[in-house]
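Only one structure is covered here, and it is reproduced in the block below.
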Amino acid sequence: MKNRPIGIFDSGVGGLTVFSQIEKELPNENIIYFGDTLRVPYGPRPLEEVRSFVFNIIEFLKGQKVKLIVVACNTGTAAALTEAQQMFDIPIVGVIEPGARGAVMATKNRKVGVIGTKGTINSRAYSHAVRAFDAGVTVYSASCPKLVEIVEKGLVSNANFYNTSSYTVAKGYLTPILRAHIDTLILGCTHYPLLKGMLTKVCGNNIEIISSAEETAVEVRMILERKGQLRTDKSLPKPRFVSSGDTQAFKLIGSRFLGREINGVEKNILDQEMVT
Ligand code: DGL
């Protein structure tokens with residue numbers, strides 16, 4: 001069991017922000033990353049549909065004999081984490097609770113903002129998670145449907161995220177919650193850390209920006225430590241990348257994002273019947 005890989009997945013490349021933190025936190029672990037680029041974006045889809053995708057991917061990763069699964073997608077976490085934890089006999093970690101905990105620990109005025117996809121924001125999963133840690137915190141949320149597209153396009157064309165049009169889009173989304181004088185902002189979508197520079201410009205330097213990636217990586221380490229399941233094999237880990245869509249595009253984006261060449265991306269569209 002100890003030497004089995006960790007499975008991580010997202011609708012696309014956004015979850016690589018979590019992959020990269022887990023790699024930093026646990027450099028000896030083998031990781032299989034699955035990016036569902038055939039079905040991205042998850043954000044605008046009904047949560048029920050996203051749930052079926054999440055179960056579909058978990059089945060796949062279980063078939064790869066992983067020892068723990070990270071749902072590195074907020075929309076997937078909001079749609080299916082509870083049910084997945086009830087259904088499958090393997091530790092499954094989401095990204096919402098770790099981000100909420102980070103925000104509650106950071107806020108001083110107990111006014112927290114959260115931005116995410118339509119699915120995540122409408123599910124109110126962050127409001128519930130934040131209040132479970134501190135019921136006195138007020139959460140101001142905004143769904144930002146265009147930001148995932150900006151990341152995907154920006155990464156593909158290597159465009160500058162600071163261009164005026166993306167800045168204007170982000171400012172439009174953030175202005176209402178900034179008016180509430182939040183002192184902490186949760187990036188409730190794993191694509192958004194790639195826009196952190198631009199979002200900091202919009203928010204100014206007085207707002208602490210929380211991404212779930214670091215907190216999630218710490219949680220994964222703690223679970224494996226407590227279960228005595230850290231990898232003991234000392235051979236160099238070999239991460240695997242699997243994508244349901246264009247593997248060349250994934251390789252390009254992934255390599256650029258991770259700052260190193262990804263050797264080979266496997267193609268797997270999973271169970272055909274589940275693909276829409
Ligand atoms: N990265 C996903 C998340 O964290 C969203 C991207 C999508 O809409 O598929 O919610």
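Note that ligands are numbered from 1 as they come in the structure, with each ligand's atoms numbered from 1 the same way. Index from 1, following the sequence.
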query = Do other residues, nucleotides or ligands put more than 12 heavy atoms under 6.0 Å from the NZ atom of K62?
reply = yes
Every residue of the protein that comes under 4.0 Å of ligand 1, judged on heavy atoms = D10, S11, V40, P41, Y42, G43, C73, N74, T75, T117, V148, C189, T190, H191
message = Among residues at least two apart in sequence or on other chains, which ones pass ring pair (Phe, Tyr, Trp, His ring centres under 6.0 Å) with F60?
response = F34
key: ring pair (Phe, Tyr, Trp, His ring centres under 6.0 Å) involving Y140 - partner list, sequence neighbours excluded   = none
request  = Verify the ring-centre separation between F53 and Y42: is it less than 6.0 angstrom?
outcome  = yes
Could you pull out every donor-acceptor pair under 3.5 Å between side chains of residues 208-219 and any protein atom, sequence neighbours left out?
{"residue": "S211", "atom": "OG", "partner": "A213", "partner atom": "N", "Å": "3.3"}
{"residue": "S212", "atom": "OG", "partner": "V95", "partner atom": "O", "Å": "3.1"}
{"residue": "T216", "atom": "OG1", "partner": "S212", "partner atom": "O", "Å": "2.7"}
{"residue": "E219", "atom": "OE1", "partner": "R101", "partner atom": "NH2", "Å": "3.0"}

query = Minimum heavy-atom separation for P27 to P237, with atom names?
reply = O-CG, 3.2 Å
